[in-house]
Amino acid sequence: MTEPASFLHRCSLVKRIPVFSGLSWFRVQSIARSGEIILYKKGDIVSRKGNAPDFVYFLDSGRLQSYSPDASGGKDDIEFIHRGMFFGIISTLTGQEHSQTFEAINDSIIFRIPFTAFRRLLKQAPRLGIKFSKILSQRIRSKLTRTELVSRSTIISVYAPIAGSGGSTYAVNLALSLSKETGRRVIWVSIRSRHFPPYTAVSDISEVRPAWTRDPLDIIALADNFELIPGHIIKSDAGIDLLNVVFDPKDPSIVEHISEFISRFIDEYRYVVLDLPSDMDAVVIKTLSQSDLVHLVMVRKREALVVGRAVLDRIEDSFKDGFTEDRVKVIIGGVSAHRNIVEETVRSLLDYKVTGFLPHIQRKDFSGQVDLGAVSFMGLDPVSPYRKVVTRIARDISGVSIGLVLGGGAAFGLAHIGVLKVLEEEGIPVDIVAGSSMGALIGSLWASGYKAADIEKMAFEFRKRSNLIKLIDLVIPVSGIISGKAVMSWLRGKLGKRTFRDTKIPLKIVAYDLMHRRDLIFSEGSIIEAIRKSISIPGVFQPVISKDQLIIDGGVMNPLPTDVLIHAGVKRIIAVNVLQSPEDVIKGYEKTSRELEKSLQVQFMHAPLEYITIHIKLWLSRKFFPNISDIMVRTLEASESTLAVQSGRAADVLIHPDLSGLNWYDLHQAELLINQGEAAARASLDQLRRIVTHPGPDNRKNISVRSPESQNINISVTNISVRSPESHM
């Protein structure tokens, strides 16, 4: 940290601090003499929890976060400090240790006054003390009631190492998607070098690239007074604001100003999307380092990916400990259908996780010309493959992603199809799917692009019991009565050689390693191989032996894998539990008993054929029931239903179809099972709609927290006495 400021600079800064506004020139000079201006670099600790009172801090530019370090090195009670805010005052007034740690999120300029000088200042200026008192009272009341807390802005830098790779197209569509999906304020800032090379499109489609119709502003020209920036921001009807700026890369002062320039947007906007030039110069590196997220946009060309790998190395070297895959994400754009290299080659050349593969844009994806007043481009249909991927990325960034969990349950799993029908009809967005056993099978078909109606037709293949023979290939029952080869053949006909990377929606499949007693989560490789492992019902299918693993049905220990999506960071979860509860079993038993009683009343003389059929079925069921497979499956279901109930508590919406009276092997009852799933989903429509429209965690206001102190806050700054449960403000 450094102090670069003269006395006049300090006076100018003091006048910008809101709490000091309106003071006389004499008082401003007095405050300026009392303090100092310090520049804290991103990641610097301004003050630590447990430190003795030292300064009162006033943030002029940048961002900070305050938190309580936990035992594991994590952060609790995180709050964000934005420009114009102050902290450290209560510790100064009470003499107590700091109860929070304050860390710079961006390069930040702070004016700080030693606590002894600050106490003198309050005695000399009673009106100023009253002003502090009011602000502190409001802030503490907000904290106690959890209302209007400052939320964190997210700065996203979009950088395409090669000009014409689609970085600007991606940036503007990401900004539009963030605005649409969150309803929060978003600004798209185009930053260009004056010596930017002529644009040469790598893609075949250039109309989607934003074209500015107004001249850009010079960042250095604004540097003397960044307060003028709001007057140059362009408002649009599309839900995003715009700013177009340039800089001279030969001017070394631009690097010093870029952090302060960026920080001017964080007070007003929840998301700041910075569209950067392709030159990897000091300005770009500085901007990337000050961003919360970096999206590197590359195209599927070998030479472009080689450059991309070198860029990743340089960024990693610049960021050092701040470099993580969560922060630096790679987005791969398509060139054209016939010129793209395969995904395996992409991953091999980059040796880095790819967050998203952007489909090649085609003219049929156009939705019409978009004119935002200062910039125009060809818009893309929201249902186009490109926009769908960008929307999913935006939803992931903003924490509004919705995950769908489809549980296991053999034939009961056909009820999932009915749920999918309702989700499609209602337009409920699903960003990721996780499934166990039959949930893995149904979920895989849906994630791969089949509609619910298509999957329903597949299920109807087995309404004739004779068609079930296609799935049964009996073997000597050493570890199972069915080998699974026939099922694999059926799956191959539906999914071919698809891998997880070919899905339209990200997919995770759960199986269980009996040898090591652990869940196996599949998200790469062959989909049908993963399904085969996940549906290996003990006693029915032969388990899959792979190296030192003995793999069985994923539903055995994780019949409703909500935990898989929680660990993936999904904030909103729809879970479908098709397993029968004990109450369902009793209800089904009573229903079956009534039906049996009624059927036994049929007389031979009145209906001889029906009478013979009923009694043959009854004889067969007594002869072959219970059998070993049925006993094992029902035993597993008893424990799985309990586990599924526990897992279901983690879901925001839990759908539980009434499948009483049905059996785990009743694939021929597909129509009834699907209808019951559909009915259960329709009964949950209010909840389903609510998680789509419910604001994200940082949008929640008026969340009441009862506190005995909330109506009894008394702060007297003028007399330097504070009575409050909080001491870190």
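Source: prediction; values computed, not measured. If you read the sequence from its start, that first residue is 1, and numbering goes on from there.
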Is [Y] close to [X] at the side-chain level, that is, under 4.5 Å between some pair of heavy atoms?
X	Y	result
E529	F522	no
R689	V692	no
L293	I397	yes

Is it true that atom [atom1] of [X] has more than 12 heavy atoms of other residues, nucleotides or ligands lying nearer than 6.0 Å?
X	atom1	value
K451	NZ	no
K494	NZ	yes
Q687	CD	yes
Q369	CD	yes
K388	NZ	no

So, the side chain of [X] versus the backbone of [Y]: is there a donor-acceptor pair under 3.5 Å, distance only?
X	Y	answer
S384	D365	no
T287	V283	yes
N675	E671	yes
Y159	S278	yes
S153	Y269	yes
T182	L178	yes
T213	A374	yes
R270	I266	no
S534	V510	yes
S165	P161	no

Are the charged groups of [X] and [Y] less than 4.0 angstrom apart, N to O?
X	Y	result
E524	K353	no
R395	D431	yes
D248	R194	no
R682	E678	yes
K421	E456	yes
R387	D381	no

How long is the span from the CD1 atom in I258 to the CD1 atom in I254, to the nearest 0.5 Å?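 Result: 5.0 Å between the selected atoms.
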
Using 0.5 Å steps for rounding, measure from the NE2 atom of H360 to the CD atom of Q362.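 Here the interatomic distance stands at 5.5 Å.
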
Name all residues meeting the side chain to side chain donor-acceptor pair (under 3.5 Å) criterion together with D313; count only those two or more places apart in sequence or in a different chain, and write none if there are none.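 Side chain to side chain donor-acceptor pair (under 3.5 Å) check on D313 returns R309.
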
Under the side chain to side chain donor-acceptor pair (under 3.5 Å) test, residues paired with D275 that sit two or more places apart: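 With sequence neighbours excluded, D275 shows a side chain to side chain donor-acceptor pair (under 3.5 Å) to S168, R192, given in chain and number order.
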
Go through the steps for E461 and W490 under the test side chain to side chain contact (heavy atoms under 4.5 Å, CB included), then give the verdict. CA-CA 11 Å; E461 293 178 24; W490 184 85; 3.2 Å; yes

May I ask you to check if R327 and F319 form a cation-pi contact, with NZ or CZ under 6.0 angstrom from the six-membered ring centre and within 45° of the axis?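 Yes, a cation-pi geometry.
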
If you measure only the distance, is there a donor-acceptor pair under 3.5 Å linking the side chains of S259 and Q290?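 A donor-acceptor contact under 3.5 Å links the two side chains.
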
